[in-house]
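The structure under discussion appears below in the form of structure tokens.
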Protein chains: 2
Amino acid sequence: MNVTIKTIAQAAGVSPAAVSKALNGYTDIGEETRARIVRISAEMGYTPNALARNLVKKTSDILGLLIPDISTPIYAEIFKGIDAEAKRRGFNLFLCDTNRRTEFEVSYVRTLMENRARGIIVAPVDNDASHILALTKAQVPLVFIGGKVNDSMDNYVANDNKLGSALAVGHIASLGHRDILMLCDNYRTKTKKDRVEGYREAMEARGLEPRASIAPEGAAEGIDYGCQAALEAFGSGRMPTAIYASSDMVALGVMRAAAMRGIAIPGDLSLVGYDDIMFASLPTVDLTTVAQPKFEMGALAVELLCEAMSEELAGIKHRRVVKPSLVVRGSCVAPRSGAGEGASR
Amino acid sequence: MNVTIKTIAQAAGVSPAAVSKALNGYTDIGEETRARIVRISAEMGYTPNALARNLVKKTSDILGLLIPDISTPIYAEIFKGIDAEAKRRGFNLFLCDTNRRTEFEVSYVRTLMENRARGIIVAPVDNDASHILALTKAQVPLVFIGGKVNDSMDNYVANDNKLGSALAVGHIASLGHRDILMLCDNYRTKTKKDRVEGYREAMEARGLEPRASIAPEGAAEGIDYGCQAALEAFGSGRMPTAIYASSDMVALGVMRAAAMRGIAIPGDLSLVGYDDIMFASLPTVDLTTVAQPKFEMGALAVELLCEAMSEELAGIKHRRVVKPSLVVRGSCVAPRSGAGEGASR
DNA sequence: AGGTGTTCCGAAAACGTTTAAGTAAGTATA
DNA sequence: TATACTTACTTAAACGTTTTCGGAACACCT
């Protein structure tokens, strides 16, 4: 632990500067001297001190990444994209799980800044990121990604949520469904608002009546919301023939509710989700869903960050909106004949 | 970015040393002076330079964590436990996804050492960790965790795999099954060997004939292996009434195979897995399985690491083996009467 | 007036690098 | 042979902190 450049210099009979140069590929070191230095440093088990190096170089190869919850599959896949691209470009990625808490967001950003990270990618916990901006004050480049981005953020990568909804509705409607209920949690975010708006537009474009069950502020999310909202819909007088869930997790909640009520999917109820998390493809789930190119989005985020880092023009906004696609599996079939007709107009 | 302690010192009309002391809670600074310094440093947006601090302090609050694949649910949950405990103890956790590649293991360990991490927790990719030991040379404390640990590693936390198998077999057998097939992937690891051995012992203790289908070296793993091995078993002359899978992922593969062949679970075939990944609890999966206390194991790993870090006696081995428990869900029922009798002796 | 203690602060070294500038020797050029 | 250019190094400053040691100022007690 305490073998430094100085140690090696003594052992090799040269100056510390010579050692540094030899180890870092400078050309003004003789070949035999370099070989001797390299050999000795290997023998002594030398480990360079990155703290000292970064201190004098006034930079580091560290990139920070803030993720609300890495055990959520969609974030895990975004991470994979970011990680791969960061590696490809020679950065060291520092993943921070913020546990869906803004307090942790600020403490992690502070730590990253103190360690002189080159840039930070954040999948924010909330659509309000002011606490983060207050810390960075444009001193370190920032790129946002994920379901909570909005236009108040300078740099971000997002997906075209309206288009995603159009794909989902188009698929269900083409099977003959007319009474398509949308279930949406987390309505504060622009992402979810866009999905609902896209749903409404797509329904109206087909002359169908949109019907959306939107979670009120502070309500449950994900599976819990899906289950509870679906049970409500099942209990109401008007049973839809298809449900469009605002995320796969919500769709899983619908499946749970359907299992509880003995409702067959897709026989009695067609279902489509959003996100294409890994488990949507399992044989026992087999969920038709709208897929975001998560891995590519992650890679894009790194790309944008590099742009933002290299740019002197700090004023420029770096944004990218990618297109989702529909993944057709087994959770949607044509409605039983005659069902759902009452909903048309 | 360029406001340092020196800057603040000038602005406050004191020495750099005074600033450092004021900001770090030393008692030999007057109250008004301290207040002035704190105010000014806040006004100027001062961010301490952790590189410089750690350089002189010859240490850091960084802990490294190597995970083969964070998108695998079981690793995500172990991570959560480690993360929470690391936070609680005031460390900064640096999560590195090694992508199941030993090359990345060595490059990450090198980076962590260069950045003077205090200690490293590694969930190894392989049961051979010699490439890691060669790098650290006991210069930095190491704790191993996960499914690839074995007794050649000094410090580790593992679960009692034999006990887990005993719980699984006990449950299935108590329902009346006699022909219980075990499917095991990844047999190089001690973990899997223990699970198989535990299965054999539990079967023999009941006078049942053990029958294990063990993946050969280089075969598929997880879902793919489970599916393929199950199809093989279904095609053989001897159809088991229950399958014990060496992991939940393998069990999911069995489910896929069963769906392909029209075999009902649990009606035609009972199934039990190992790990209790999050999705085992989904209504459409509903898998009975052996659960490891993953979160606690993570926390334990941090505890062991702290022991290893504080200890001058570096020779001591720090190990903990935790007990798994059975989570009963809906994938096991009594066999159809008369079935499976041929397997008894 | 002399001694002793306390309080508050400054000087300076140290941490392990990188790098601009300098230098001594050797080699080629005029 | 003096000059210029290479080659192969060395010197020393700098990066931004922490921390030991010491010292000035002041109060308190004989």
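Computed from a prediction, not measured in an experiment: that's the story for all the values here. Protein chains get the first letters and strands the later ones, always in sequence-line order, with residue 1 at the start of each.
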Short side-chain N/O contact to dC15(D) OP1/OP2 from N49(B), under 4.0 Å: no
Rounded distance (Å) that lies between atom P of dT17(D) and atom CG of D61(B): 16 Å
D28(B) or L55(B), whichever maps to the more 5' nucleotide of DNA chain C: D28(B)
T47(A) vs T27(B), nearer the 5' end of DNA chain C by closest nucleotide: T27(B)
Interatomic distance, K6(B) NZ vs dA13(D) C1' [rounded to whole Å]: 12 Å
Rounded distance in Å - CG (L23(A)) to P (dT18(C)): 8 Å
Minimum heavy-atom distance between M297(A) and N159(A), given as atom pair plus value: CE-N, 3.9 Å
Any T4(B) side-chain nitrogen or oxygen under 4.0 Å from OP1 or OP2 of dG16(D): no
Nucleotide of dT17(D), dT17(C), dC15(C) approaching A52(B) most closely (side-chain heavy atoms): dT17(D)
Distance test, side-chain N/O of Y46(B) to OP1/OP2 of dT17(D), below 4.0 Å: yes
N or O in side chain of K58(A) less than 4.0 angstrom from dA14(D) OP1/OP2: no
Spacing of E32(A) atom CD relative to dA8(D) atom C1', expressed in whole Å: 10 Å
Candidates dT20(D), dG16(D), dG16(C) - which lies nearest the side chain of V56(B): dG16(D)
N150(B) (side chain) donor-acceptor with S152(B) (main chain) under 3.5 angstrom: yes
Sugar-phosphate only, base, or nothing, as touched by N54(B) at under 4.0 Å among non-hydrogen atoms: nothing
Rounded distance (Å) that lies between atom P of dT19(D) and atom CG of N24(B): 8 Å
Side-chain N,O (Y26(B)) to OP1/OP2 (dT18(D)) below 4.0 Å: no
Atom-to-atom span, NZ of K57(B) to C1' of dT20(D) - whole angstrom: 15 Å
Phosphate OP1/OP2 of dT18(C): any S20(A) side-chain N/O under 4.0 Å: yes
V140(B) backbone acceptor or donor facing R118(B) side chain under 3.5 Å: no
Nucleotide dT17(D), atom P - distance to CG of N115(A) in whole Å: 13 Å
d(CZ, R34(B); C1', dT7(C)) in whole Å: 13 Å
Candidate nucleotides dC9(C), dC15(C), dT17(D), ranked by approach to the side chain of R53(B) - the nearest: dT17(D)
Heavy-atom pair with the smallest gap, counting every atom of P68(B) and D97(B): O-OD1, 3.4 Å
Nucleotide nearest I5(A) (side chain, heavy atoms from C-beta), chosen from dT19(D), dT17(D), dT18(C): dT18(C)
Partner of I78(A) under side chain to side chain contact (heavy atoms under 4.5 Å, CB included), chosen from D83(A), I121(A), I145(A), V157(A): I145(A)
Sugar-phosphate, base or nothing in reach of A17(A), heavy atoms under 4.0 Å: base
First of G30(A) and P16(B) reached from the 5' end of DNA chain D, by closest nucleotide: G30(A)
Criterion side chain to side chain contact (heavy atoms under 4.5 Å, CB included) against E105(B), the qualifying member of N99(B), I132(B), D126(B), L135(B): I132(B)
N/O donor-acceptor pair, side chain K21(B) with base dG10(C), under 3.5 angstrom: yes
